[in-house]
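To start, the structure itself, in structure tokens.
On a predicted model such as this, the values are computed, not experimentally measured, just so you know. Proteins come first, then strands; the chains are lettered A, B, ... in the order of their sequence lines, and each starts at number 1.
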Amino acid sequence: MNKLWSDTYTSWTLRIMRPDDANIAGNVHGGTILKMIEEAGAIISTRHCNSKSVERCFAALARVERTDFVSPMSIGEVAHVSAEITYTSKHSVEVQVNVMSENILTGEKRLTNRATLWYVAISLKNVEKILEVPPIHYEKQEQEEEGKKRYEAQKLERLETKHRADDVILPIVNPEPHTVGFSQSSLIHLVGPSECTPQGFVHGGVTMKLMDEVAGIVSARHCKTNIVTASVDAINFHQKIQKGSVLTVSGRLTFTSNKSMEVEVFVDVEPFVDDTQGKYRAVSAFFTFVSLSKEGKALPVPQVVLKSAEEKKRFEEGKGRYLQSKARRQTEMHSFTQK
Amino acid sequence: MNKLWSDTYTSWTLRIMRPDDANIAGNVHGGTILKMIEEAGAIISTRHCNSKSVERCFAALARVERTDFVSPMSIGEVAHVSAEITYTSKHSVEVQVNVMSENILTGEKRLTNRATLWYVAISLKNVEKILEVPPIHYEKQEQEEEGKKRYEAQKLERLETKHRADDVILPIVNPEPHTVGFSQSSLIHLVGPSECTPQGFVHGGVTMKLMDEVAGIVSARHCKTNIVTASVDAINFHQKIQKGSVLTVSGRLTFTSNKSMEVEVFVDVEPFVDDTQGKYRAVSAFFTFVSLSKEGKALPVPQVVLKSAEEKKRFEEGKGRYLQSKARRQTEMHSFTQK
Amino acid sequence: MNKLWSDTYTSWTLRIMRPDDANIAGNVHGGTILKMIEEAGAIISTRHCNSKSVERCFAALARVERTDFVSPMSIGEVAHVSAEITYTSKHSVEVQVNVMSENILTGEKRLTNRATLWYVAISLKNVEKILEVPPIHYEKQEQEEEGKKRYEAQKLERLETKHRADDVILPIVNPEPHTVGFSQSSLIHLVGPSECTPQGFVHGGVTMKLMDEVAGIVSARHCKTNIVTASVDAINFHQKIQKGSVLTVSGRLTFTSNKSMEVEVFVDVEPFVDDTQGKYRAVSAFFTFVSLSKEGKALPVPQVVLKSAEEKKRFEEGKGRYLQSKARRQTEMHSFTQK
């Protein structure tokens, strides 16, 4: 902690969790946590990008790596969000954010979440211009090399992301319980001024919070129990969203394992102010939810009933992601116990 | 100052309008104003219903009469909301609320809105029990007689309200511009604790704000300009909505005149907590919007393109409401100039 | 009702307290109350300063006098905030604000808080220019004389305030329980548009609410019980804070009596938008908290463990403030019982 305080590349904040941050069972929404993470990331990277540049800029969220919610947080607990710049390329900043939850009455602290975010520096004078990022100094050379590997890997993955903007969620009349059509959900949201940066663009964290909200409603409709966010797959932000836009956020179930549900979420944007641009897909991502008993234990989840070839294909893809992340978690555990 | 405290039947409040209360053109949302009105009404009627009763109760919104938004309010202005109890029947309270907007820089004050709300007293011990309301004292007997007429009229209208709970808004694929299908919109909203009374029921004002938001998005999608709420038809609240419910708020264009659009809005409730009850329609109402130029003048509105017999029927009904309210406004103006 | 409209020097508002306004024990945060007080003060003084001036202006908070929280407020209660202009000097306005809490179920009303705020009039055209304030009329000459005394006293105190901007809160690794390092806390906050005046400066009330939040976390960490704000020492606002700034709000324990904790809070500002100015300290103040049992009785507080000469010095200064305010309360009580 001492290092963090004295170091320019780190930042530290805390906030009490309030009733509106949580569901009625008292579990803080994953979206609330994602929003705090992104705010911390935006502050530290904006500060860094302005530290040496001659041209003023702000940091815009480009990507969030896959992240797991390790343990649920409750109302009245204090969230500690610490952010650290861990790598810079010519035009982007990598920020690692840790969230701890502290019960200030018992003093107990737990790790809630660990996330990696990528930002780019946008000129304040010309929001179409991407500026160069001042390099950071690494204590050890291997830190730079590992960062470079992460940078290259995410760049590749970003390129691979196909944005299926034509893939819309069509409504189904009188759907059967546990089908995809039964739980699919959609909300519209008019972006308000306090959800935007001073430059008039929606904070990445606001978008993630809405996505988590829709994914949560899909999950709750499917299993009709208390649900919490377990993990979020990598999210790429391909376009900035302007103040005054109307967002349509839609979600549908893609995969169920014994104890988890995967929901695909789309964000489509109608820019009312700038009518030179039509409706476009800004973001899409996969959220995984689990169902919790009153004692906080994971409950079995009803299996999704598949109706079309498309749904079956998406289920198989979801199964692939599920098995991959399960394998990765086991490797991490293994390497951890080896140390 | 002492006087206000001793006067049981009136109440007074003020609040600065902020960016989040308004659209990007700076006009305060009609929904923000409806929410303030309802809060003032709930405070004064809860206070009155508890003033003499032996059994503790809270006041639940049962109905809002048709109300016009006389002039738009802007960011930075101060809203003055004054509420007065004007009639009591055995089980209900009539509250009249005036909203004035004050420009504190120039000192200019204008009437923004005048609304009439009906509340019923619900027992705190048993929320299914409606309690008796203490009678108020009238300065003149004709006040009581006129109040009784209003009470009887709204009772009749309430009974007449057909809740078309089976009338759902079905989506249309690739709709043409200016059709009903093109602008129809729907949002889902998870009710949070701060939107509820301490007894765990959604404030009527919260529901009206969501309804205004959906109706505004429908209008903006139809005419693609800056729009403001011009009036809201009578709204009946048939059922209380519990904390933790998911609301689906849907809106569709029913009628366009030269310079106004009428939007029908439904609120459907899924009670996640109490699973003994299925999805139900809680509220429905008609909102009228106008389109404003940058100078604040009403602009012509594109005519709605009707596609089905149902849409044509709803258009004719909307036209009826439009002509009726136009005639009523002229009568009011006439009686006003006669005085 | 008419009377209030004609009375230029008073203002009146009310608001229901909601779950997000309170801690998990249901006690409304001192910061919520300070924010309401400041909003009422800003409205009445902006209105007054524009009442006769030819140049449009807004009222900026310059100072809040020491204020005590007489009794805690709870969720569901209605806060009545009344504000009155009690003195004007050439360039400043003194506003006295009373907060009463009303239980609308029982009708019970209690005094919660009484505060005195000083505002200055800032030109809308040139925010560096301070304008003259129109004088108010006093019913009795002694009112003017007493006001002048208060004005001179606060002026002197303001000048005396040394802003120890170089005094930063350094982190301590693995601190022992009950030391200063154990409970010290810090948050960062990006100022959003809804927290600002239409002129783009942070409302004084927003800053005070953040300060109260940090002080509350420090106190809860120290004593690990339900805590409430008991009083706030005079706060001087030396510089306006602009929209888009990042605030770092830090707090540390300075003094403990048997049943109270004093926390010193700093607000440091990084102005991201305006690059002509570096990081600066905008505000600092002392908050006093007490620990409450479930029955609402004050509990003993663990004594702070002092580790350095600096901490001991600050403890002695805190003790001085504690004894002084204790003496003042006794004098007030005495003069009250003499009447």
Side-chain angles (χ1 to χ4, degrees), chain A residues 18-26 29 31-32 75 166 168-174 183-196 198 200 210 212-221 223-227 242-251 270-275 279, chain B residues 18-26 29 31-32 75 168-174 182-196 198 200 210 212-221 223-227 242-251 270-275 279:
Chain A
R18 310 191 176 223
D20 269 11
D21 298 320
N23 63 25
I24 39 170
H29 296 294
T32 302
I75 298 172
D166 51 330
V168 293
I169 295 184
L170 290 178
I172 284 112
V173 184
N174 296 324
S183 57
Q184 68 184 28
S185 304
S186 188
L187 67 77
I188 47 173
H189 179 80
L190 179 62
V191 170
S194 57
E195 297 169 328
C196 293
L210 287 168
D212 178 76
E213 188 177 332
V214 166
I217 289 173
V218 171
S219 307
R221 278 179 168 162
C223 69
K224 303 198 173 302
T225 53
N226 176 34
I227 49 88
Q242 268 200 299
K243 185 165 77 177
S245 299
V246 171
L247 307 185
T248 303
V249 188
S250 321
E270 276 173 276
F272 271 135
V273 188
D274 173 15
D275 52 3
K279 201 166 171 167
Chain B
R18 311 200 172 212
D20 270 9
D21 299 320
N23 63 24
I24 40 169
H29 295 294
T32 303
I75 297 172
V168 293
I169 296 185
L170 289 178
I172 283 112
V173 185
N174 296 323
F182 185 78
S183 57
Q184 68 184 27
S185 304
S186 188
L187 67 77
I188 47 175
H189 179 81
L190 180 61
V191 170
S194 280
E195 299 169 328
C196 293
L210 288 168
D212 178 77
E213 188 177 331
V214 166
I217 289 174
V218 171
S219 306
R221 278 178 167 164
C223 68
K224 303 199 172 302
T225 54
N226 176 35
I227 49 88
Q242 267 200 299
K243 187 165 76 176
S245 299
V246 170
L247 307 186
T248 303
V249 187
S250 323
E270 275 173 277
F272 271 136
V273 189
D274 172 15
D275 53 1
K279 202 166 171 167

Query raised in the report: Which one of B:S186, B:S185, B:G192 has the most heavy-atom pairs closer than 4.5 Å to chain A?
Result: B:S186
**Report entry** Partner chain B: residue of A:N226, A:I188, A:D21, A:L187 with the largest heavy-atom pair count (under 4.5 Å)
**Finding:** A:I188
Requested in this report: Return the minimal non-hydrogen interatomic distance between B:I24 and A:K243, and the atom names on each side.
Outcome: CG2-CG, 3.6 Å
Query raised in the report: Any side-chain heavy atom of B:I217 within less than 4.5 Å of one from A:E270?
Result: no
**Report entry** Heavy-atom pair of closest approach, residues A:P193 and B:P19
**Finding:** CG-O, 3.3 Å
Report task. State whether the side chain of B:D20 and the backbone N or O of A:S194 hold a donor-acceptor pair below 3.5 Å, judged by distance alone. Result -> yes
Query raised in the report: Which bit of A:T248 is near chain B, if near means a heavy-atom gap under 4.5 Å: side chain, backbone, both or neither?
Result: side chain
Query - Engaged part of B:R221 at the chain A interface, taking heavy atoms whose separation is under 4.5 Å - result: both
